[in-house]
Student: 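Submitted below is the structure of interest, expressed as structure tokens.
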Amino acid sequence: MPRTMLTRDRELRARAARVIPGGMYGHQNAAALPEAYPQYFSRAEGCRLWDSDGNEYIDYVCGFGTNLLGYRHPEVERAAAEQAPRGDCMTGPAPCIVELAERFVDLVEHASWALFCKNGTDATTWCVTISRAHSGKRKVLRARGAYHGSAPWCTPRPDGVLPEDREHQILYDYNDVASLDAAVESAGDDLAAILVSPLRHDAFRDMELPDPAFARRARELCDQASAVLILDEVRTGLRLAYGCSWEALGVRPDLSAWGKAIANGYPLSAVAGSEPLRDAARRVYGTGSFWFAAVPMAASQATLEIAKRDGVAERIQRLGEKLREGIAAQAKSHGIGVRQTGPAQMPMILFDEDIERARGNFWTSEAIKRGVYLHPWHNMFVCAAHTEADIARTLEVTEEAFAALSNQISRGYLSR
Ligand code: PMP
């Protein structure tokens with residue numbers, strides 16, 4: 001069915017422009033996307049979204065990774081619905097916080113304790129604070145260009161940020177042992193932590209899997225300096241493995257930060273820590289009015305159980321590979337250079353010779369007009385509710401999008 005005009009979407013945008021600064025904010029601001037993208041959604045189910053004008057999409061952004069099992073997964077919804085009438089945000093936590101912490105500790109190999117908060121930023125920030133409390137040192141190393149949240153110490157935008165907010169940070173290049181060594185060297189005897197994501201998943205560029213030598217070196221450097229290795233699993237958590245994703249490399253962090261998928265869209269994030277960090281975690285004052293809410297914790301218990309029980313990481317990897325193979329074959333047949341990088345279940349699709357991202361924007365716009373929501377410059381996410389039929393339908397759409405793109409290129413547009 002052809003897409004209807006985005007009339008209501010445009011009306012809402014005009015109203016928002018008056019009462020929301022910039023019309024929208026943060027990573028969900030559709031102003032950062034091509035014009036064909038809707039800003040507003042009125043419904044989501046499984047792997048599907050409906051915009052405010054009623055158009056349906058197969059969604060490959062999945063709430064920027066919060067949707068792991070499918071929007072409104074029945075078992076997660078049941079767990080949340082059972083907790084809701086008993087209480088959510090109360091004067092004290094519900095018993096399920098203990099059960100959830102037990103489950104987390106079982107799941108995350110390095111962890112002997114867990115703490116819960118709301119956003120990924122809460123979790124990464126808490127990890128950094130705990131690492132300083134534990135080590136009594138100040139310098140925190142993080143990869144140039146890596147995203148760890150929107151607090152002043154880590155936001156990618158400069159506005160409102162003071163040099164003092166970043167004073168004790170040193171940047172290194174991901175997967176570059178020499179640059180990590182140099183950063184550690186310049187920290188002298190003041191190294192509190194190395195913060196690292198399990199793979200390089202910066203926006204706008206090809207993803208990079210971790211070089212095992214780099215991961216091992218990060219561990220070794222922390223051990224030598226009695227510093228803390230922090231793994232930011234906010235985006236990767238439960239999509240690559242059921243515990244930490246560096247377990248496969250034989251590298252265990254001291255602290256790990258979790259968020260996004262852990263409660264299948266209910267607001268919850270977590271810090272998991274190993275035994276030596278327990279005392280620092282006890283001393284640091286971390287809290288928030290909503291951090292103890294019981295409904296997201298009940299949802300998380302169900303999510304963690306289902307993810308492992310149903311082999312979700314393997315399923316989304318398989319589906320992601322199908323999608324990747326199909327797109328690679330289409331790109332080849334049209335003679336268009338496309339780079340698909342990172343794990344198949346977190347697809348990143350970027351175009352060669354893409355001046356100002358014109359090709360990516362055109363191709364994804366053609367897809368969205370045909371009912372497939374792809375992202376032009378951020379990694380995407382496959383969820384367990386995607387089916388082989390969804391992938392097949394997606395590939396029909398991407399084939400049409402490639403044909404349209406190829407036509408543009410052959411007419412001399414969108415190329416050098
Ligand atoms: N770390 C990583 C790796 C992330 O991808 C994100 C969110 N994109 C964050 C931290 C911050 O999470 P949140 O947006 O929930 O604060």
Side-chain angles (χ1 to χ4, degrees), residues 24-29 32-33 59-68 108 115-131 140-157 161 165 169 171-172 174-175 193-205 207-210 215 218 229-241 244-246 253 255-272 286 288 290-291 293 296-297 299-300 303 341-343 345-348 375 377-383:
M24 195 48 62
Y25 46 90
H27 68 297
Q28 297 203 353
N29 187 352
L33 293 169
D59 176 22
Y60 289 95
V61 177
C62 289
F64 282 85
T66 53
N67 169 15
L68 173 71
V108 179
L115 298 164
F116 300 99
C117 34
K118 288 288 98 173
N119 288 288
T121 310
D122 301 333
T124 55
T125 304
W126 213 353
C127 284
V128 166
T129 311
I130 292 170
S131 75
V140 172
L141 275 44
R142 65 184 183 91
R144 202 169 272 111
Y147 189 76
H148 297 291
S150 60
W153 71 268
C154 57
T155 176
R157 299 275 180 85
V161 175
D165 292 322
Q169 272 180 40
L171 301 180
Y172 62 85
Y174 196 90
N175 266 345
I194 297 176
L195 170 60
V196 64
S197 49
L199 52 102
R200 185 171 192 173
H201 47 37
D202 312 350
F204 304 110
R205 54 164 298 147
M207 291 168 92
E208 269 181 54
L209 296 176
L229 183 62
I230 306 171
L231 199 59
D232 179 354
E233 291 272 11
V234 171
R235 200 178 310 181
T236 44
L238 299 181
R239 279 198 152 77
L240 306 178
C244 274
S245 11
W246 275 9
L255 293 173
S256 50
W258 302 79
K260 290 197 185 280
I262 64 168
N264 204 48
Y266 283 83
L268 192 74
S269 59
V271 171
F290 299 105
W291 286 16
M297 294 191 189
S300 182
T303 304
T341 52
Q345 58 270 54
M346 297 172 68
M348 180 66 141
H375 202 290
W377 46 260
H378 191 284
N379 78 266
M380 295 174 271
F381 299 90
V382 178
C383 77

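Start at 1 and go down the list; that is how both ligands and their atoms are numbered.
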Student: Should Arg235 and Phe381 count as side-chain neighbours, where that means a heavy-atom distance under 4.5 Å?
Tutor: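 Yes, their side chains come closer than 4.5 Å.
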Student: Short question: side chain of Asn29, backbone of Met24 - any donor-acceptor pair under 3.5 Å?
Tutor: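 A pair under 3.5 Å: yes.
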Student: I'd like the contact residues of ligand 1, where contact means a heavy atom below 4.0 Å.
Tutor: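 Under the 4.0 Å cut-off, ligand 1 touches Asn119, Gly120, Thr121, Tyr147, His148, Gly149, His201, Asp232, Val234, Arg235, Lys260.
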Student: Using the test side-chain contact (heavy atoms from CB on, under 4.5 Å), find all partners of Ala151 that sit at least two apart in sequence or belong to another chain.
Tutor: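 For Ala151, the residues satisfying side-chain contact (heavy atoms from CB on, under 4.5 Å) (neighbours in sequence not counted) are Thr121, Thr125, Trp153, Cys154.
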Student: Check each of Thr236, Leu199, Val196 against Trp246 using the side chain to side chain contact (heavy atoms under 4.5 Å, CB included) test, and report the only one that passes.
Tutor: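 That would be Val196.
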Student: For residues Leu115 and Ile130, determine if any side-chain heavy atom of one lies less than 4.5 Å from a side-chain heavy atom of the other.
Tutor: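 Leu115 vs Ile130: side chains touch.
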Student: To check you understand the geometry: which heavy-atom pair defines the closest contact between Phe116 and Ala270, and what is its length?
Tutor: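 Reported closest heavy-atom pair: CD2-CB, 3.7 Å.
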